[in-house]
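Ligands are counted one by one from 1 in listed order, and the atoms in each one are counted from 1 as well. What's counted below: heavy atoms across the whole structure, side chains too, no hydrogens, waters or symmetry copies.
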Amino acid sequence: MKATEIKPDIFWVGALDWNSRDFHGYLIEKGTTYNSYLIRDEKTALFDTVRQGFKSDLLHHLHQLIEPEKIDYIVVNHVEMDHSGCLPEMIELIKPDKIFCSSMGHKALLEHFHRPDWPYEVVKTGDTISLGRRTVKFIETRMLHWPDSMFSYIPEEKLLISSDAFGQHWATSERFDDEVETSELMAHAAKYYANILLLFSPNVQKLLAEVQASGLEIDMIAPDHGLIWRRNPGAILEAYQRWSRQEPKEKALIIYDTMWHSTEKMANAVASGLLEEGINSVKLLHARKNHRSDIMTEVLDAKALILGSPTLNNNIMPAMADVLTYMKGLRPKNKVGAAFGSYGWSGEAVKHLSERLDAMGIPLVAEGVRIKNVPAHETLKDCVELGRAVARAMR
Ligand code: FEO
């Protein structure tokens with residue numbers, strides 16, 4: 001790969017990770033990128049580094065442009081290890097005059113690398129530094145994705161270096177949004193939002209309002225993961241507005257596990273009820289056949305979450321516990337819910353599923369349906385009616 005000029009004398013110098021498949025529990029089926037950027041000016045600045053193990057890629061790209069030792073500044077927009085893993089080695093090599101970071105970034109760097117001797121310069125929202133022909137304006141973006149996160153804005157180029165925000169986990173040889181299929185790009189961006197940023201939606205809303213109020217002109221957004229938004233940065237800003245409002249579509253998910261297909265039969269009957277009542281977008285998601293992060297992507301714009309599990313050892317199936325634990329942490333909003341499940345003797349699963357929905361603040365729109373052992377045509381009617389009741393509550 002080669003360093004890519006994204007604006008005059010501003011370069012992508014990051015690394016492609018084609019083979020990673022797991023990002024703390026999120027299935028990144030197409031790998032990812034660790035984007036790092038270099039601005040060559042009277043002072044030369046490197047914006048973020050890359051994950052440990054990818055230093056040679058970063059160095060390979062830097063050597064195409066400059067001797068790394070001649071870099072003056074390092075800007076740490078985010079301390080998470082996928083961007084700072086090789087920071088100590090790069091600092092050792094570059095010996096920068098200054099390392100710019102937020103106050104929370106300073107704390108996080110000390111707690112990660114235990115190097116009080118590094119030349120930190122703490123910045124806050126609105127602070128600027130001059131590189132010569134270009135200025136860097138810092139904007140703190142707490143919790144997008146960590147407390148330390150910040151953006152770096154280059155006003156002369158209308159360029160926003162946006163750290164984790166607006167990213168995608170997707171390894172590609174292409175660098176820009178206009179070089180790939182828009183539908184695939186937006187699907188990756190949606191999965192990233194649903195699995196990384198959904199719980200921080202109130203922060204996203206606040207930030208977008210501040211950006212709008214400040215009149216910041218943006219014609220390119222360069223995130224720390226995935227493709228750079230060159231043709232249409234407005235598309236991802238508009239998507240973040242929509243996703244952060246958590247506006248649901250008329251879409252129902254039946255998320256279930258099954259032991260001997262009884263709960264699966266119930267799931268199908270619930271789906272029939274939804275369809276009969278006019279809900280066209282109904283998805284059955286078996287918790288052991290769909291990755292938790294793909295289920296979460298579907299949750300992003302769903303209105304109804306209908307959970308099904310047989311009772312296993314007085315509890316729910318482990319794959320359902322996995323999905324629901326993950327989901328709760330991401331705090332989905334504006335949903336309605338219901339529960340169902342088969343059982344052999346004790347039958348607690350529906351109660352547990354209902355409690356999980358309640359703990360997420362998702363109202364139950366009907367009493368849960370339990371069926372002992374194998375459903376019969378007559379008892380499945382209760383599941384059809386459950387689907388119908390959920391459909392009515394979705395409107
Ligand atoms: Fe890409 Fe929060 O790290």
Side-chain angles (χ1 to χ4, degrees), residues 12-37 46-55 57-58 61 74-88 90 99-113 138-152 160-172 175 185 188-204 206-207 221-229 236 239-240 243-244 293 296-297 326 329-331:
W12 173 90
V13 290
L16 301 179
D17 180 352
W18 297 97
N19 294 323
S20 282
R21 291 293 178 269
D22 179 83
F23 193 87
H24 45 55
Y26 163 178
L27 174 69
I28 50 171
E29 69 273 24
K30 298 276 176 75
T32 190
T33 66
Y34 311 112
N35 294 340
S36 179
Y37 300 97
L46 178 67
F47 293 76
D48 284 323
T49 65
V50 295
R51 186 176 183 152
Q52 202 165 43
F54 293 87
K55 185 187 70 174
D57 300 84
L58 174 59
H61 295 139
I74 295 179
V75 175
V76 178
N77 278 328
H78 185 21
V79 179
E80 192 167 7
M81 294 292 204
D82 48 333
H83 310 292
S84 70
C86 73
L87 183 65
M90 293 305 292
I99 299 169
F100 294 97
C101 57
S102 66
S103 61
M104 298 302 279
H106 183 216
K107 280 185 192 166
L109 286 167
L110 289 171
E111 288 163 3
H112 277 71
F113 302 110
F138 299 104
I139 304 164
E140 289 170 272
T141 58
R142 286 193 183 187
M143 305 320 296
L144 298 178
H145 155 234
W146 277 11
D148 61 281
S149 299
M150 63 178 190
F151 290 171
S152 296
L160 184 68
I161 298 175
S162 65
S163 186
D164 275 342
F166 313 119
Q168 328 92 48
H169 282 309
W170 188 15
T172 56
R175 294 274 65 79
L185 173 62
H188 283 290
K191 181 170 185 179
Y192 183 98
Y193 190 90
N195 285 278
I196 303 271
L197 296 175
L198 186 66
L199 75 162
F200 303 121
S201 288
N203 305 63
V204 174
K206 190 164 164 273
L207 177 70
I221 297 176
D224 273 5
H225 298 286
L227 282 297
I228 295 163
W229 304 89
I236 190 66
Y240 267 50
W243 294 332
S244 61
S293 56
M296 205 55 226
T297 309
Y326 186 73
L330 288 161
R331 296 184 207 163

For a quick check under 3.5 Å, do Y34 and D48 share a side-chain donor-acceptor pair by atom type?
no
Do you see a donor-acceptor pair shorter than 3.5 Å between the side chains of D82 and H225?
yes
Option among T141, D224, D148 that satisfies the side chain to side chain donor-acceptor pair (under 3.5 Å) test with H78:
D148
Please tell me whether Y326 and S293 have a donor and an acceptor in their side chains that are separated by less than 3.5 angstrom.
no
Among E29, H169, Q168, exactly one meets side chain to side chain donor-acceptor pair (under 3.5 Å) together with K191. Which residue is that?
E29
Could you grab the protein N, O or S atoms closer than 2.8 Å to atom 1 (Fe) of ligand 1 for me?
D82 OD2, H83 NE2, D164 OD1, H225 NE2
Which residues share a side-chain hydrogen bond (donor to acceptor under 3.5 Å, both in side chains) with W12, sequence neighbours left out:
N35
